[in-house]
Amino acid sequence: MTAEKSIAAVVVDVVARGTDRPFDYHVPETLRDVIEVGSRVRVSFGHRKVMGYVVRLSGEASYGRLKPILDVMDLVPPLTPELVDLGLWMAETCFCHPITALNAMVPAVLKGRYRRVVRIHPRFAPGTVLAPEEEALIERLRREGERPLETVLAWPGVSRSLIRQLVRERRLLVEERVGDRVTRRRTRWVKPAVSGQALRRALDALPPRALRQREILSHFLDRPEAVPLSRLLASLKAGRSSVDSLVEKGLLQLEEREELRDPFAGRSFEQTSPPPLTPEQERAFRAIVGPLREGRHHRILLHGVTGSGKTEVYLQAIDETLKRGRQAIVLVPEISLTPQMVARFKGRFGPRVAVLHSGLSGGERFDEWRKIRSGEVQVAIGARSAIFAPFSNLGLIVIDEEHESSYKQEEQPKYHAREVAFRRGMAHRAVVVLGTATPAVETIHRAGRGELERVVLSRRVQGRPLPRVDVVDMREELREGNRSIFSRMLQEALEQCVSRGEQAVLFLNRRGFSTFVLCRACGKVLECSHCDISLTFHRTNRTLRCHYCGHAEPVPEACPACDSTHIRYFGTGTQRVEEEIARLFPGMRVIRMDVDTTNRKGAHEELLGRFGAGEADVLLGTQMIAKGLDFPRVTLVGVIAADTMLHLPDFRAAERTFQLLTQVSGRAGRHNLSGRVVIQTYSPMHYSIDLAARADTESFYRKELLSRKQHRYPPFCRLFTLLFSHPDRQAVMQASFEASRLLKQTLAGRAEVLGPVPATIPRMKDRYRLQVFIKYTDEEVAKAVKKVLRHLEERAEDPELRISVDRDG
DNA sequence: AGCACGCCGACT
DNA sequence: GTCGGCGTGCTC
């Protein structure tokens, strides 16, 4: 049936308008039994050679003069047909080039590497006299052989035109090399080359002086299997020469084996067995394994309070998955991919787990990936991109902390791991479990519509109570003369906690400054009258602007609510809090964790390790300390300013605030000591703060969904955010206004087009940024938007104009 | 993205 | 008259 494989549709590794579709190539006979859908191939494209992925094999061409596939680059195709399909779907839904989507699914080392080399032409044409610099170049290439083009260009007296001239004269050849960045680690292994009896005879025949050779041979008499050369030499204290002479005699043989780097080599994990489940956990477990056993695609929201033992449910469900010969993916936010978490999975599944985290080198990541591709492991645990783990028979996908925004990739391809998980789940008839204490509002909404089954874990394991939560009204503090960052209650609690020898976590949810404007007397935050979104302070012209609808007004002299003049541009940095602690509590030991102290690799783990070891009394940090940490001695959690996130110009602000407060509160009192939480805020009555403090999750989601519905935000519509950017302000204004007009015209009556308005960050990297929002429900609108964008791109005469598209809901 | 093809200014 | 500037368009 090779005729069926005679034509390959290839997505080439070229990102440009017009290359966002496959190109057909002829498959030479010799490649027909190795080429598959998902194979990485080398092809000629235009005037050069590039890498590409086979996305379809057929017997029919859509084009007359096909070029051949030059080469299939891997023995095992990096992508499965299912992943190819997934990639094309992603390109479609994420508005990116297919190659961008396909490349995102494989380890970075497989991305194409292109280099050009210069060498002497094999049929070097003699003849005309050469100029001295030509002579020198040719002489050097004769000496050094083939050299990279960039290297040669750097040689004295060599220019592009000189090389071009010599190529024309058939004296030099410039060739393109397409490869990847793969390095494979190889080790040498030794094994007997003859039978046991022959070995025995050879041993007897050895001269008595050949002590080392004797030892080596007797080793293989006992254990005839291959051993790594280095291990053999080390254990017998032998040298290379003895092995070499045995190889020479034909008694032993050496072989090169490719070795997979094991990032956990030499580390042992205590093997654990599944503990009995609580009745609630048992119910969740059954909800997962029911459809799993039936081989039916199913989606479950595992809504469990912090400390309710979700991980144990995952572990046992994975176990069940493996027993059925299927595989599992576990996604966790990068930040909670801590050694403790890894140890838990390694402890249960040992060598059947591949761990993919950002700390791995390119090569290690590739090796973990290959273990998955080859079926050597059956469980993959990792951050967002682990959703592409190339399993062939997925049974279960778990997304832990499913509400986390890190599951959405900010760069192209802008995919959401949750949506990818659903798609893969359908393809494999697998069960998808979303676990969290604070589901995304969309997820709750979907569960309400029956798109997911919601399973609740309402109790903490071993009956530990949720911590006591106090909300402190910071307006009151100010009124009573406390101008410190710390309320009296938090000061007191902190002092008591540390004097008992326990630890505290202080949480400040934003680094540096934010730009919302707050009245310190009454807590009023200035909001847009049309959008219920905080106004943003613009220093340049001292105005307040709404980043959603464009409304602008001057900064008022006095608070519109209470007439106080204590109006303030809000913002407190972690450094300032640290200074304040030093002032109020001399001698208290603080570990500060923010972007500044953790940008070094491994710094995160190191700081947490030191805190866990009791080297500090207080852990002070931003977002990054909100989840995952579980230290037995932490009994106090303080939230310095719960408002900072609440007033970001984002329709998810209330949701994020609620999630964050609930998550940080969950950090206190997870073990035998009881916990306490103090939340400081200027908006104690805001529902996201009040309901988080009272752990009233149900009311929060009810209220938030109502608010979204009233203001028409996702999940009650879908939302496009188009970001126009350009180094010139005038140009981006014009382009975005024009685009907005065109969109309004095209989508009239079908969608709401808002803007353009300045982006949250109006200028970034010397580019001015404007946004246009499109609210819609009809999927046809998405197609229309895509068409308009394509049209705009095609006739954009300005190459500096960039349009990026984001989609919510 | 690259590179050729193609149509207008300053040089052997 | 030619070398080369970079606008336009295509790549199976």
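Only a predicted model underlies this, so the values are computations on that prediction, with no experimental measurement involved. In what follows, chains are A, B, ... by sequence order, proteins preceding strands, each numbered from 1.
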Atom CG of A:D20 and atom C1' of C:dC12 are separated, to the nearest Å, by 14 Å
Please give, in whole Å, the distance from C:dC10 P to A:D24 CG? 18 Å
In whole angstroms, how far is the C1' atom of B:dA1 from the NZ atom of A:K111? 17 Å
Mark yes or no for whether A:D778, through its side chain, and A:V781, through its backbone, hold a donor-acceptor pair below 3.5 Å. no
Rounded to the nearest angstrom, tell me the gap between atom CG in A:N103 and atom P in B:dA1. 15 Å
Can you identify which nucleotide, out of B:dC3, B:dA1, C:dC12, has its nearest atom closest to the A:Y25 side chain? C:dC12
Rounding to an integer number of Å, can you tell me how far A:D13 CG sits from C:dC12 C1'? 16 Å
Once you round it to whole Å, what is the distance between P of B:dC5 and NE2 of A:H47? 8 Å
Which nucleotide sits closest to the side chain of A:A16: C:dC12, B:dC3, B:dA1? B:dA1
What's the closest nucleotide to the A:T19 side chain, out of C:dT11, B:dG2, C:dC12? C:dT11
Looking across every strand, which nucleic acid part, if any, lies under 4.0 Å from A:R21 by heavy atom: base, sugar-phosphate, or nothing? base
cation_pi(A:K414, A:F95) dist<6.0 Å, angle<=45: no
Could you state the OH-P distance from A:Y53 to C:dC12, rounded to the nearest angstrom? 20 Å
Among B:dC3, C:dC12, B:dA1, which nucleotide has an atom closest to any side-chain atom of A:F23? C:dC12
Polar side-chain atom of A:R373 near backbone of A:P77 as donor-acceptor pair, under 3.5 Å: yes
Return yes if a side-chain donor-acceptor contact under 3.5 Å exists between A:E82 and A:H428, otherwise no. yes
Pairing of A:D806 and A:K408 as salt bridge, 4.0 angstrom limit: yes
Return the nearest nucleotide to the side chain of A:R48; candidates are B:dC3, B:dA1, C:dC12. B:dA1
Could you work out which one of B:dA1, B:dC3, C:dC12 sits closest to the side chain of A:K67? C:dC12
At under 4.0 Å, does any side-chain N or O of A:R17 touch on OP1 or OP2 of C:dT11? no
Categorize A:F45 for me: base, sugar-phosphate, or nothing, with a 4.0 angstrom heavy-atom threshold over every strand shown. base
Between atom NE2 in A:H26 and atom P in C:dT11, what is the gap in whole Å? 20 Å
